[in-house]
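Sequence positions, counted from 1, serve as the residue numbers for this chain.
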Amino acid sequence: MEYAFFEGKFVPIEEANINIKTNSFHYGTAIFEGLRAYWNEDHQQLYILFAQEHYERLIKNARSLFMELPYTASELVDITRELLVRNNIKQDVYIRPIAYFKDLALTPKLMDYTPEIAMYTYNFGRYLDTSEGIRVKVSSWRRNDDNSIPSRWKVAGAYVNSALAKTEALMAGYDEAIMLNSQGYVSEGSGENIFLIRDGKAITPAHNEHILEGITRKTVINLLKNDLVVRVEERSVARSELYVADEIFLTGTAAEVTPVIEVDNRKVGTGKIGDITRQLQELYFNAVRGNIERYRSWLTPVYEK
């Protein structure tokens, strides 16, 4: 039997249902997160990646929508561990917690409502092709402005913006979209942060370019600096820089480290995965599976030993 955590208790997934009148369903006023857990066969252990960090962000983002959740980040980590144990997960898995207003009212506001949280697991696999690389298109849709719906918050309604860009890219024969901000600078993918490699240096849009303050993005910056000894610049990135980059890759909990081999029908570098991207991938995938001792602090083991 598959379980979900729903409004304070573990229930069979078929019973984890909201009412059609639920306020956040109508107005997109929900905050969500996405976590991955990785199975290590040699360790016979399932590791949740950056569990505490994800739930701290969820709580902060929820408060920005005047949601005071009845759980601490540590309590949500414990709930996640119990959910994974109840579902007897012994493979890579994706975890989706979502906080929302459960009230059955139709006014679009953020006060005098009751927040709740639900959580379930999903066999996601690879979100994008991390082995061969992907083709991307610069989208005609601009990224949400911070004074409209901040992209640094994972607000459910804001992802209509991502859905429009992703759909446009897929219909044009690409794998993913790259979005510009309202000033015309590179922001991010539809659900990923972006990095360029130029002349041995890594470049990524700064926080004020209307991006999600990605947990994987922060991790990759540290890996580039400390392990691969690559200089990192956080700054505005012009669209044309995409066309002259030596390497490009996308990062995110779902995307992990995804190489980009083509932008708008232009090859990136040689049109194959670049050296720095490949080294970063190897390092990242070993770390998230618990194979690198110094990065075990990233991980929360699920099963008691």
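Under a 4.0 Å N-O distance rule, the pair K60/E213 does not qualify as a salt bridge. With respect to the salt-bridge test (charged N to carboxylate O, under 4.0 angstrom), the residues R81 and E304 qualify. Ion pairing between a basic and an acidic side chain is recognised when a charged N comes within 4.0 Å of a carboxylate O; R36 and D92 show no such pairing. Using a 4.0 Å cut-off between a side-chain N of Lys or Arg and a carboxylate O of Asp or Glu, E53 and R57 do not qualify as a salt bridge.
With hydrophobic clusters built from ILVMFWY side chains whose heavy atoms lie under 4.5 angstrom apart, V220 shares a cluster with I215. Clustering ILVMFWY residues whenever any of their side-chain heavy atoms sit less than 4.5 angstrom apart, transitively, puts I89 in the very cluster that holds I79. Connection of I48 to I59 is established within a shared hydrophobic cluster, with ILVMFWY side chains joined at heavy-atom distances below 4.5 Å, either directly or through further cluster members.
Taking the ring centroids of Y71 and Y55, they lie at or beyond the 6.0 Å cut-off.
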Would you please test H54 and L58 for side chain to side chain contact (heavy atoms under 4.5 Å, CB included) and show each step? CA-CA 6 Å; H54 278 283; L58 175 71; over 6 Å; no

Check against ring-ring contact (aromatic ring centres under 6.0 Å, His included), F249 and F195: CA-CA 5 Å; F249 57 87; F195 286 78; 5.1 Å; yes

Tell me, with the steps shown, if D103 and D112 meet side chain to side chain contact (heavy atoms under 4.5 Å, CB included). CA-CA 9 Å; D103 306 79; D112 303 323; over 6 Å; no

Start with the C-alpha gap between E176 and T258, add the side-chain angles, then the distance that decides, and say whether side chain to side chain contact (heavy atoms under 4.5 Å, CB included) holds. CA-CA 11 Å; E176 185 54 281; T258 299; over 6 Å; no

Quick one, K90 with Y303, criterion side chain to side chain contact (heavy atoms under 4.5 Å, CB included). Give me CA distance, side-chain angles, the key distance, then yes/no. CA-CA 10 Å; K90 294 187 177 180; Y303 295 104; 3.9 Å; yes

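Note on ring orientation: taking the six-membered ring where Trp is involved, the planes of Y122 and Y120 are perpendicular (angle over 60°, cut-offs 30° and 60°).
A side-chain N or O of T277 and one of E247 form a donor-acceptor pair less than 3.5 Å apart.
Of the residues listed (I194, D264, V260), the one engaging L242 in a side-chain contact (heavy atoms from CB on, under 4.5 Å) is I194, and it is the only one.
Open room surrounds CZ on F25; 12 or fewer heavy atoms of other groups in view lie less than 6.0 Å from it.
A cation-pi geometry, defined here as NZ or CZ lying under 6.0 Å from the six-membered ring centre and within 45° of its normal, holds between R135 and Y174.
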